[in-house]
**Q** 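I'd like to ask you about the structure that follows.
Chain naming here is simple, since letters A, B, ... match the order of the sequence lines and numbering starts at 1 in each. These numbers come from a predicted model, not from an experiment.
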There are 2 protein chains.
Amino acid sequence: MANLKQINRITTGGKGLPKSLRRHAVRPTPQRLAILRELAARKIHPDAETIYEQVRQRLPAISLDTVYRNLRLLEARGLIMRVTTVRERARYDADLSPHSHFICSKCSRVLDVPVSALRPIPAEADAFGTVASVHVEFRGLCHQCRTVADGQQGQ
Amino acid sequence: MANLKQINRITTGGKGLPKSLRRHAVRPTPQRLAILRELAARKIHPDAETIYEQVRQRLPAISLDTVYRNLRLLEARGLIMRVTTVRERARYDADLSPHSHFICSKCSRVLDVPVSALRPIPAEADAFGTVASVHVEFRGLCHQCRTVADGQQGQ
DNA sequence: CTTAAAACAGGAATAATTACTATTGTAAAC
DNA sequence: GTTTACAATAGTAATTATTCCTGTTTTAAG
Ligand SMILES: [Mn+2]
Ligand SMILES: [Mn+2]
Ligand SMILES: [Zn+2]
Ligand SMILES: [Zn+2]
């Protein structure tokens, strides 16, 4: 981290973002701002590595870990969102009938949700390409974990 | 792999699955059958490790790689399905407005799908727990990749 | 200016999954 | 019933995305 003044001059463009960050009790560091700006400017929904490569052009000393750390923090504070689902172990199902799943964020059990709870999703998404599959996934606290305050680790 | 005859006697229970596998041009090996049976018998939507631990009790010599390899093959052949989404790098979005995404399986670009294409999902899923979030994700070939036969790696 | 807490860079560690290789099982041809 | 070619497996190494750790720098507050 060398020459912070200079870095600040480069990266601190508009004043909107810094204020927004302060409101969420997040310090507007140059690295953080650069990451957030990169995400806000482009609509490519980039991953950590892609953001890293871009931000590096302005802040050559930034580390990949800083990108990951900030993405995590910004997501937790509700300032950005994840496009993909939570990255956890792959789980499988032998039941091929059309249905969806409710995944408990506490005990990580997976419950079947019948299609009746879904309603068919219109073919309007075909505007973007040939839809091969639609994945619907509910997350939350299962009944068992809600009532029993102390969540056990089921599965 | 020792004493195959014995293993076969143990694991080859019903005759339905072996035939089903043959129909899909998949050889009904004892390991494969055990994995498939484990998945079909329980409705817990297990991950590879969990299946491994269970199958190991009957086939102590089975390797974890065999479980992974077969889950991959069975999914590819359409005999089982994945509960969770494809395991790839996490991607982020600064646009917090409610919308969904279309992910191209060829160029891996992510396109925004407006809510108009979704229809609200009924609160019927509350039957399973307190729904905190709903994730809808479309997969397929984007227009660009469909027309241009030779897919480029966009993003 | 001093000081405590937050954030950072760089590199090591972790965890899930896949790749590699020598060996074994299978099915079909002879 | 042998032979033979190919598929599948076990065991282990490698890969990949992400997180953790440690010493240092930056920030904010007194
Ligand atoms: Mn299911
Ligand atoms: Mn989006
Ligand atoms: Zn639960
Ligand atoms: Zn595409």
Side-chain angles (χ1 to χ4, degrees), chain A residues 1-9 11-12 18 21-22 24-36 46-53 55-56 58-77 79 82-92 108, chain B residues 1-12 18 21-22 24-36 46-53 55-56 58-77 82-92 108:
Chain A
M1 269 191 281
N3 212 339
L4 211 267
K5 289 257 172 65
Q6 218 172 30
I7 286 175
N8 259 314
R9 213 178 314 130
T11 57
T12 309
L21 286 179
R22 282 229 167 74
H24 287 262
V26 178
R27 280 204 244 180
T29 67
Q31 294 89 342
R32 194 164 285 161
L33 279 168
I35 291 165
L36 201 42
D47 54 40
E49 189 78 34
T50 304
I51 293 171
Y52 176 58
E53 292 304 340
V55 171
R56 226 141 92 89
R58 304 239 119 185
L59 306 178
I62 197 173
S63 75
L64 182 55
D65 180 47
T66 293
V67 175
Y68 273 106
R69 186 168 6 87
N70 278 298
L71 287 174
R72 237 182 307 153
L73 180 141
L74 293 170
E75 189 197 0
R77 290 286 201 288
L79 287 159
R82 202 184 267 248
V83 169
T84 45
T85 51
V86 183
R87 203 163 192 276
E88 53 199 14
R89 312 218 273 208
R91 302 182 71 146
Y92 293 88
S108 77
Chain B
M1 269 190 281
N3 212 339
L4 210 268
K5 289 255 172 68
Q6 217 172 34
I7 286 174
N8 258 313
R9 211 178 316 131
I10 294 169
T11 57
T12 309
L21 286 179
R22 282 232 166 73
H24 286 263
V26 178
R27 277 204 244 175
T29 67
Q31 294 87 344
R32 196 164 285 160
L33 279 169
I35 291 165
L36 201 42
D47 54 40
E49 189 77 34
T50 304
I51 293 171
Y52 176 59
E53 294 303 341
V55 172
R56 224 140 94 90
R58 303 240 121 185
L59 305 179
I62 197 172
S63 76
L64 182 55
D65 179 46
T66 293
V67 176
Y68 272 108
R69 185 168 10 86
N70 278 298
L71 287 174
R72 238 182 305 154
L73 180 140
L74 293 171
E75 189 196 1
R77 290 285 201 289
R82 202 183 268 249
V83 169
T84 45
T85 52
V86 184
R87 204 163 191 276
E88 53 199 14
R89 311 218 272 209
R91 301 182 72 146
Y92 292 88
S108 78

**Q** What is the distance, to the nearest angstrom, from the CZ atom on B:Arg77 to the P atom on D:dA7?
**A**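 The answer, rounded to whole Å, is 11 Å.
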**Q** Could you state the CD-P distance from A:Glu88 to C:dA16, rounded to the nearest angstrom?
**A**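 In whole Å, C:dA16 P and A:Glu88 CD are 11 Å from each other.
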**Q** Does one side chain, of A:Tyr68 or A:Arg72, offer a donor that lies under 3.5 Å from an acceptor on the other?
**A**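 A:Tyr68 vs A:Arg72: no donor-acceptor pair found between side chains.
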**Q** Please tell me if A:Arg72 has a side-chain N or O lying less than 4.0 Å from either OP1 or OP2 of D:dC20.
**A**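 Yes.
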**Q** Atom pairs under 3.5 Å, N or O on each side, protein against nucleotides 28-30 of chain D: can you list them with distances?
**A**
residue : atom : partner : partner atom : Å
D:dA28  : OP1  : A:Arg22 : NH2          : 3.2

**Q** Any side-chain N or O of B:Thr29 less than 4.0 Å from the OP1 or OP2 oxygen of D:dT9?
**A**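 Answer is yes, contact under 4.0 Å.
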**Q** Output yes when at least one side-chain N/O atom of A:Arg32 is less than 4.0 Å from OP1 or OP2 of C:dA7, else no.
**A**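 For C:dA7, OP1/OP2 do have a side-chain N/O of A:Arg32 under 4.0 Å.
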**Q** Let me know the distance between CD1 of B:Ile51 and P of C:dT17, rounded to the nearest Å.
**A**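 Those two atoms, CD1 and P, are 11 Å apart.
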**Q** What closest approach, in Å, do A:Ile35 and A:Ile51 show between heavy atoms, and which atom pair accounts for it?
**A**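 In this case the closest contact between A:Ile35 and A:Ile51 is CG2-CG2, 4.1 Å.
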**Q** Using the closest heavy atom to pick a nucleotide of DNA chain D for each, name whichever of B:Ala90 or B:Leu73 lands nearer the 5' end.
**A**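 Nearest nucleotide further toward 5': that of B:Leu73.
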**Q** Calculate the interatomic distance between B:Leu71 atom CG and C:dA16 atom C1'; express it in whole Å.
**A**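 Going from B:Leu71 (CG) to C:dA16 (C1'), I get 13 Å.
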**Q** Between A:Val55 and A:Gln31, is there a side-chain heavy-atom distance shorter than 4.5 Å?
**A**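 A side-chain contact is absent here, since even the closest heavy-atom pair is not under 4.5 Å.
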**Q** Is any side-chain heavy atom of A:Ser63 closer than 4.5 Å to one of A:Thr66?
**A**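 They are in side-chain contact.
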**Q** Are the side chain of A:Arg87 and the backbone of B:Ala90 linked by a donor-acceptor contact shorter than 3.5 Å?
**A**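 No; zero donor-acceptor contacts below 3.5 Å.
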**Q** Over how many whole Å does the gap from A:Glu75 atom CD to D:dT18 atom P extend?
**A**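 These atoms are roughly 11 Å apart.
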**Q** Rounded to whole angstrom units, what separation is found between the CZ atom of A:Arg56 and the C1' atom of C:dG10?
**A**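 Result: 12 Å.
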**Q** Enumerate the protein-to-nucleotides 11-15 of chain D contacts in which both atoms are nitrogen or oxygen and the separation is below 3.5 Å.
**A**
residue : atom : partner : partner atom : Å
D:dG11  : O6   : B:Asp65 : OD2          : 3.0

**Q** For residues B:Thr85 and A:Thr84, determine if any side-chain heavy atom of one lies less than 4.5 Å from a side-chain heavy atom of the other.
**A**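 Side chain of B:Thr85 against side chain of A:Thr84, heavy atoms only: no contact under 4.5 Å found.
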**Q** Find the distance B:Gln31:CD to C:dT26:C1' and express it as a whole number of Å.
**A**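 It works out to 12 Å between those atoms.
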**Q** Looking only at atom types and distance, does a side-chain atom of B:Arg91 sit under 3.5 Å from a main-chain N or O of A:Arg82, one as donor and one as acceptor?
**A**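 Checking the backbone N and O of A:Arg82 against the side chain of B:Arg91, no donor-acceptor pair under 3.5 Å is found.
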**Q** So B:Tyr52 and B:Ile62, side-chain contact (heavy atoms from CB on, under 4.5 Å) or not? Walk me through it.
**A** CA-CA 8 Å; B:Tyr52 176 59; B:Ile62 197 172; 4.0 Å; yes
**Q** Rounded to whole Å, how long is the line connecting atom OH of A:Tyr68 with atom P of D:dT19?
**A**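 Going from OH in A:Tyr68 over to P in D:dT19 covers 7 Å.
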**Q** On a heavy-atom basis, which atom in B:Ala34 and which in B:Leu59 lie closest, and how many Å separate them?
**A**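 For B:Ala34 versus B:Leu59, the nearest heavy atoms are CB-CD1, 3.9 Å.
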